[in-house]
Amino acid sequence: MSCQGSNNFYDQEVKIRETMGKVKHKIVVMSGKGGVGKSTLSTNIAYGLALAGKKVGLLDADLHGPNIPLMLGVEGMKLTSLDEPLKLSDNLKVVSLSFYLEKPDDPIIWRGPAKIGAIRQLLGDVNWGEIDYLVVDLPPGTGDEPLTVAQTLGDTDGSVIVTTPQEVSILDSRKSVKFSQMVGMPILGIVENMSGFVCPHCDERIDIFKSGGGERAAEEMEVDLLGKIPMTPEMVQAGDEGKPYIFSRREGVAYSALNSVVEKIIDKVEGGSEDMKNSDGIRIAFPTNNGETVETHFGHCKRFAIYTVKGQEIVNREIVDAPPHQPGLLPRFLGELKANTIITGGMGQRAIDFFKAQDIEVILGATGGIEGNLKEYMGGALYSKGSACSHDHGDHACSH
Ligand SMILES: Nc1ncnc2c1ncn2[C@@H]1O[C@H](COP(=O)(O)OP(=O)(O)OP(=O)(O)O)[C@@H](O)[C@H]1O
């Protein structure tokens, strides 16, 4: 491999920056240990992004078990030049070290520096062109190889940490979270894979192991849970047949869970960061009945006024009808409308927690005219004056 690439460290560094400069968003998929479904997730995320219309590159940087080609149905494929990745469709290209091995099941017995050299060469020399996403399947664990990849990639949009539901996964996830923090990589969230079993006959989900390890890890480490993907016999079949599950199935519990992970990643990477929110404008919602004043009975308001603000300018105002009152529904509803902030009179702690889960800031204590409150908020003078009601109202606001 090395005879075709750049050998000089400095030249290679320049090349890596140049190649990575054409990639809009880089995400790495990692896990504290092997066998938890990291490559399955990398493949499905890359396919899901491509299906969503993004130009995607998938880099199999797991040198010990480069099994992504198998999952994509291109096992045994040989590439002679590092320049061009393998094109799977208009939107998806892939590179794996196994494309350059004599036999795909040759064990990789290189020592550390050689492996690191190979990874750097892949990162610098493969010409992905202008793409929206590079999804990198990292080697498992938190040792030298994942560290080299993470550091060499430069600024990444974040890591997706894959884990399993068992209690021990909290420890593994903690290591991956620390690793991401150490290399200054934002964490997009945790995916709990093999979470319960989905019956292939009735599509019902059954918890066969102790469940919720990934969920608890996310809570404990204050990172987002991107989703819980059930154990599905068809997932193994899809991987073995080289047709990623998200592409070949398109329905059922596991498909919806995978699809929602992809949507959350797009949302976080393209619209969820503070910078992105600010450049696209932020969306501020007010519960209201008449469109003019803030309705303190938030849970029973008839509509929402939603303002889009860019810098100090109000660029849009919409009035939308509120859905029926049900616990947790309004936060989800406003989350789907891409609200970043809700300004209202009062709210129960449970509702505040629902909003937090949607990454929506809650400002309490507002009364009177909506636009007056909005101007105060934009001027930095409106902050949460109220505290959560001590008694539970669900979504219902109260001013007592
Ligand atoms: N949700 C799931 N349901 C059923 N089987 C799954 C699921 N996720 C992954 N698998 C299966 O588990 C096995 C291991 O998955 P995979 O190779 O993706 O793990 P990995 O973490 O990348 O492993 P390694 O560290 O060895 O590279 C594969 O056979 C895969 O099909």
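Numbers here are sequence positions counted from 1.
Atom CG in L258 sits 11.5 Å away from atom CD in E263 (nearest 0.5 Å). Atom OG1 of T19 and atom CG of N127 lie 7.0 Å apart (nearest 0.5 Å). Rounded to the nearest 0.5 angstrom, E75 CD and I68 CD1 are separated by 12.5 Å. Atoms CD1 and CG, from I119 and L59 in turn, are 8.5 Å apart once rounded to the nearest 0.5 Å. How far CG of L330 is from CE of M347: 9.0 Å, rounded to the nearest 0.5 Å. One finds the CG atom of L86 at 11.5 Å from the NZ atom of K78 (value rounded to the nearest 0.5 Å).
Within the 3.5 Å criterion, the main-chain N or O of T293 finds a donor-acceptor partner in the side chain of T288. With hydrogens and angles ignored, the 3.5 Å screen pairs a side-chain donor or acceptor of D132 with a backbone N or O of K55. Judged by distance alone, with hydrogens and angles left aside, the side-chain atoms of E192 form a donor-acceptor pair with the main-chain N or O of E215 at under 3.5 Å. A donor-acceptor contact shorter than 3.5 Å is absent between the side chain of K33 and the backbone of P140. With S81 contributing its side chain and D83 its backbone, the two residues share a donor-acceptor pair below 3.5 Å. Between the side chain of S31 and the backbone N or O of G34 there is no donor-acceptor pair closer than 3.5 Å. At least one donor-acceptor pair under 3.5 Å links the side chain of K38 to the backbone N or O of L138. Between the side chain of R283 and the backbone N or O of L337 there is at least one donor-acceptor pair closer than 3.5 Å. In this structure, S98 contributes its side chain and S96 its backbone to no donor-acceptor pair below 3.5 Å.
By the rule that hydrophobic residues join a cluster once side-chain heavy atoms approach within less than 4.5 Å of another member, V28 and M182 end up as members of separate clusters. Taking hydrophobic clusters as Ile, Leu, Val, Met, Phe, Trp and Tyr residues chained together by side-chain heavy-atom distances below 4.5 Å, V56 shares a cluster with V126. The same ILVMFWY cluster, assembled from side-chain heavy atoms under 4.5 Å apart, contains both L123 and F99. Residues I319 and F286 fall into different hydrophobic clusters, defined by Ile, Leu, Val, Met, Phe, Trp and Tyr side chains chained together at heavy-atom separations under 4.5 Å. Transitive grouping of hydrophobic side chains (ILVMFWY, heavy atoms separated by less than 4.5 Å) keeps V236 and Y245 in distinct clusters.
Side-chain contact check for E371 and Y307: at least one donor-acceptor pair (N or O, by modelled atom type) lies under 3.5 Å. Judged purely by distance below 3.5 Å, without hydrogens or angles, the side chains of D172 and T163 never pair a donor atom with an acceptor atom. A donor-acceptor contact under 3.5 angstrom links the side chains of Q166 and T164, judged on distance only.
Side-chain contact between L88 and K93 is absent, with no heavy atoms from C-beta onward closer than 4.5 Å. Looking only at side-chain heavy atoms (C-beta outward), I229 and S195 stay at 4.5 Å or farther from each other. Put simply, the side chain of I284 reaches to within 4.5 Å of the side chain of I282, judged on heavy atoms. Residues I360 and F354 form no side-chain contact, since every pair of their non-hydrogen atoms from C-beta on lies 4.5 Å or further apart. Under the 4.5 Å side-chain criterion, counting only non-hydrogen atoms from C-beta, V191 is in contact with V160. Residues S173 and M221 have side chains in contact (heavy-atom distance under 4.5 Å, counting atoms from C-beta outward). Side-chain contact check for V309 versus Y377: every heavy-atom pair is 4.5 Å or farther apart. For the pair D267 and K338, the minimum side-chain heavy-atom distance is below 4.5 Å.
Residue-environment remark: CG (N290) exceeds the threshold of 12 foreign heavy atoms within 6.0 Å. For CZ of F333, the number of neighbouring non-hydrogen atoms (other residues, nucleotides, ligands) closer than 6.0 Å is greater than 12.
Using a cutoff of 4.0 Å between basic side-chain nitrogens and carboxylate oxygens, D157 and K24 are not scored as salt-bridged. Under a 4.0 Å N-O distance rule, the pair E295/R303 does not qualify as a salt bridge.
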Going through the distances and angles, do I190 and V223 end up as a side chain to side chain contact (heavy atoms under 4.5 Å, CB included)? CA-CA 7 Å; I190 291 180; V223 299; 3.7 Å; yes
Please determine whether side chain to side chain contact (heavy atoms under 4.5 Å, CB included) holds for the pair I306 and L334, giving the CA-CA distance in whole Å, both sets of side-chain angles, and the decisive distance to 0.1 Å. CA-CA 9 Å; I306 303 182; L334 290 176; 4.2 Å; yes
Determine whether K15 and D125 satisfy the following criterion, salt bridge (Lys or Arg N to Asp or Glu O under 4.0 Å), listing intermediate values before the conclusion. CA-CA 7 Å; K15 205 149 188 207; D125 290 0; 3.6 Å; yes
Going through the checks in order, is the side chain to side chain contact (heavy atoms under 4.5 Å, CB included) test met by T156 and L153? CA-CA 7 Å; T156 47; L153 273 170; 3.8 Å; yes
Step by step, work out the salt bridge (Lys or Arg N to Asp or Glu O under 4.0 Å) result for R17 and E13. CA-CA 6 Å; R17 295 294 137 242; E13 199 59 35; 3.2 Å; yes
Could you check I16 against T152 for side chain to side chain contact (heavy atoms under 4.5 Å, CB included), going step by step and ending with a plain yes or no? CA-CA 8 Å; I16 292 170; T152 312; 3.4 Å; yes
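Contact between E84 and L79 at its shortest, heavy atoms only, is O-CD1, 3.7 Å. Residue G141 comes nearest to P146 through the heavy atom pair O-CG, 3.5 Å, listed as atom of the first residue, atom of the second, then distance. The two residues M194 and P165 come nearest to each other via the heavy atoms O-CG, 3.2 Å. Across all their heavy atoms, S39 and N67 have their closest contact at OG-OD1, 3.1 Å. For C301 against A322, the heavy-atom pair with the smallest separation is O-CB, 3.4 Å. The two residues V262 and I45 come nearest to each other via the heavy atoms CG2-CA, 4.1 Å.
Screening D60, I27, D137, V136 against S42 for a side-chain contact (heavy atoms from CB on, under 4.5 Å) leaves a single residue, D137.
Among residue pairs with one or both ends in residues 43-54, those qualifying as side chain to side chain donor-acceptor pair (under 3.5 Å) are K54-E270; sequence neighbours excluded.
Among residues two or more places apart in sequence or in another chain, the side-chain contact (heavy atoms from CB on, under 4.5 Å) test is passed with A150 by F179, V183, M185.
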